[in-house]
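Numbering of ligands and ligand atoms starts at 1, following listing order.
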Amino acid sequence: MQIIKSTKELQSIRRGISTKIGFVPTMGALHEGHISLIKKAKKQNDIIFVSIFINPKQFSANEDFSSYPKKEESDIKICELCKVDYLFIPEISSIYSQNEVLIKAPNQSYILEGFSRPDHFNGVLQVVLKLFGLIQAHNSYFGKKDAQQLFLIQKMVNDFFINTQIIACETLRQNDGLAISSRNIYLSKEERKEASLISKSLYCALKIISKNEFDTSIIKNEMINILKDLNVEYIEFVNKDFKEIKKVQLKNTIILIVVKFKTIRLLDNIWV
Ligand code: PAF
C-alpha cells in the first residue's frame, strides 16, 4: 500500500492508472462499517483508493472539529490488512485555498441533519467534489446510514455530470441491531443498552407498514412508545427526493431518526 500526502503526487499516480478504480472517502477512525465499504470496493474494482481527511468545513462552530477522533496509525494498519492500494491522507492546506469556488447544497440540505448544522452539507459536498476530481474513480462507495449525505452526493454527481458511479452500501449493525458508528464508543454501558431501541423502533415501523398502516404520525407514535424516555431529536419520513411525506409510499420512503445521548447524536434510518 502506498500512502500519498500531496495532491500533486496523487494526480501523477492517477494519470498512470488505466484500470477500474474504486474509491472510499472517510474521515478516519475506521470501523467495521468502513471495512465493509472497502471490501465491496475491492470486489468490484482493480485498484482501491481510500482517503482519510477530517474535513473542517463540515463542522459547525459549536461542533468540536479538534476533538474528532484521530487514529492514523491503526487506520493505516486496517487499510493495509484490507489490501488498499493507495491511502490518501492530505493536509488541510493542500485541499483548500483562499477565496475558492464554493459549492452550495440544494434545499434538501437544510432539513434533518442540515437543520441545526446549516453549512454542514456545503462542506461535505465541497470536499467530496474535490476528492472526486482528484481520484476520478469509476465507483465511489458511501453508506446508507448517512442517507441525506448519500442523497446529496448522488444529486451533485447527477447535476455536475461527474463521471463516477455512487455505490450505496447497507448499514452494518451489531447483534442487537445498533448501527455501527465511530460514536458508539462514547456511550456508557447503560446508554449502549438503550441505544438498541433505535433500530427496534425502525423495525417496528416496518412491521406496522407491512400491515398497511401508512399514516406517518401513527407510525411515529408507535416508534416513540418504544423509545420511551430517550432524547429523540427527530423522527422523519421522506421520499427518495428527500421531501417530507405524511403517508408512507412503498419503495419510496426513508424513515430517519436521531437520538441524543448527552452530546452524542446517533443516526439511523430504514428504507421502506
Ligand atoms: O461520511 C464521511 O465520513 C464524510 O462526510 C465524507 C463523505 C468522507 C466527507 O468528508
Side-chain angles (χ1 to χ4, degrees), residues 4 7 10 22-38 40-41 48-60 63-72 74-75 78-79 82 84 86-96 100 102-105 108-109 112-114 116-137 139-157 160 162 164-172 179-185 242 256 258 264-269:
I4 308 170
T7 50
L10 176 68
F23 172 43
V24 182
T26 80
M27 298 211 295
L30 302 182
H31 53 63
E32 288 300 318
H34 297 111
I35 294 174
S36 75
L37 302 190
I38 298 173
K40 189 157 185 180
I48 306 303
F49 281 77
V50 170
S51 64
I52 295 179
F53 180 65
I54 306 174
N55 174 29
K57 300 237 187 251
Q58 67 187 76
F59 289 80
S60 314
E63 291 172 321
D64 199 358
F65 160 70
S66 54
S67 69
Y68 193 85
K70 292 176 194 66
K71 299 191 169 169
E72 196 169 302
S74 63
D75 287 346
I78 290 173
C79 287
C82 291
V84 167
Y86 297 101
L87 178 57
F88 180 46
I89 317 181
E91 296 292 337
I92 294 176
S93 59
S94 70
I95 291 291
Y96 290 114
E100 63 178 32
L102 297 176
I103 294 290
K104 187 177 178 314
Q108 292 97 330
S109 70
L112 305 166
E113 285 309 283
S116 49
R117 309 157 84 193
D119 276 330
H120 170 67
F121 286 116
N122 289 334
V124 170
L125 296 186
Q126 187 81 9
V127 80
V128 170
L129 182 64
K130 284 168 183 265
L131 293 168
F132 283 167
L134 284 165
I135 293 165
Q136 297 179 35
N139 295 312
S140 301
Y141 294 79
F142 294 88
K144 281 184 166 182
K145 182 166 161 290
D146 292 309
Q148 194 176 6
Q149 166 173 286
L150 175 63
F151 166 81
L152 291 166
I153 289 171
Q154 180 66 72
K155 182 155 172 55
M156 178 176 72
V157 163
F160 286 91
I162 298 167
T164 190
Q165 174 105 19
I166 302 298
I167 312 286
C169 302
E170 291 305 325
T171 301
L172 227 67
I180 290 180
S181 156
S182 28
R183 292 171 176 146
N184 294 352
I185 52 165
F242 262 80
L256 304 108
V258 170
I264 309 155
R265 297 174 73 250
L266 296 187
L267 280 74
D268 203 349
N269 61 66

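A salt bridge between Lys130 and Glu100 is present, with a side-chain N of the basic residue lying under 4.0 Å from a carboxylate O of the acidic one.
In terms of polar-atom proximity, Gln149 is counted as a contact of ligand 1, with an N or O under 3.5 Å from an N or O of the ligand. The N/O atoms of Gln58, backbone and side chain alike, include one that comes under 3.5 Å of an N/O atom in ligand 1.
Using a 30° and 60° split on the angle between ring planes, Phe132 and Phe142 fall in the perpendicular class, above 60°. Between Phe59 and Phe65, the ring planes are perpendicular. Angles over 60° get that label, and only those under 30° would be called parallel.
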Run the ring-ring contact (aromatic ring centres under 6.0 Å, His included) test on Phe49 and Phe23 for me, step by step, so that the C-alpha distance in whole Å, both residues' side-chain angles and the decisive distance to 0.1 Å come before the verdict.
CA-CA 5 Å; Phe49 281 77; Phe23 172 43; 7.4 Å; no
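In this structure, Lys40 forms no cation-pi arrangement with Tyr141, as its terminal cationic atom is not both closer than 6.0 Å to the ring centre and no more than 45° off the ring axis.
Scanning all protein heavy atoms for the shortest distance to atom 3 (O) of ligand 1 gives Met27 CG, 3.7 Å.
Residue-ligand proximity, Val127 to ligand 1, at heavy-atom distances under 4.0 Å covers atoms 9 (C), 10 (O).
By the criterion of a heavy-atom distance under 4.0 Å, the backbone of Thr26, and not its side chain, is placed next to ligand 1.
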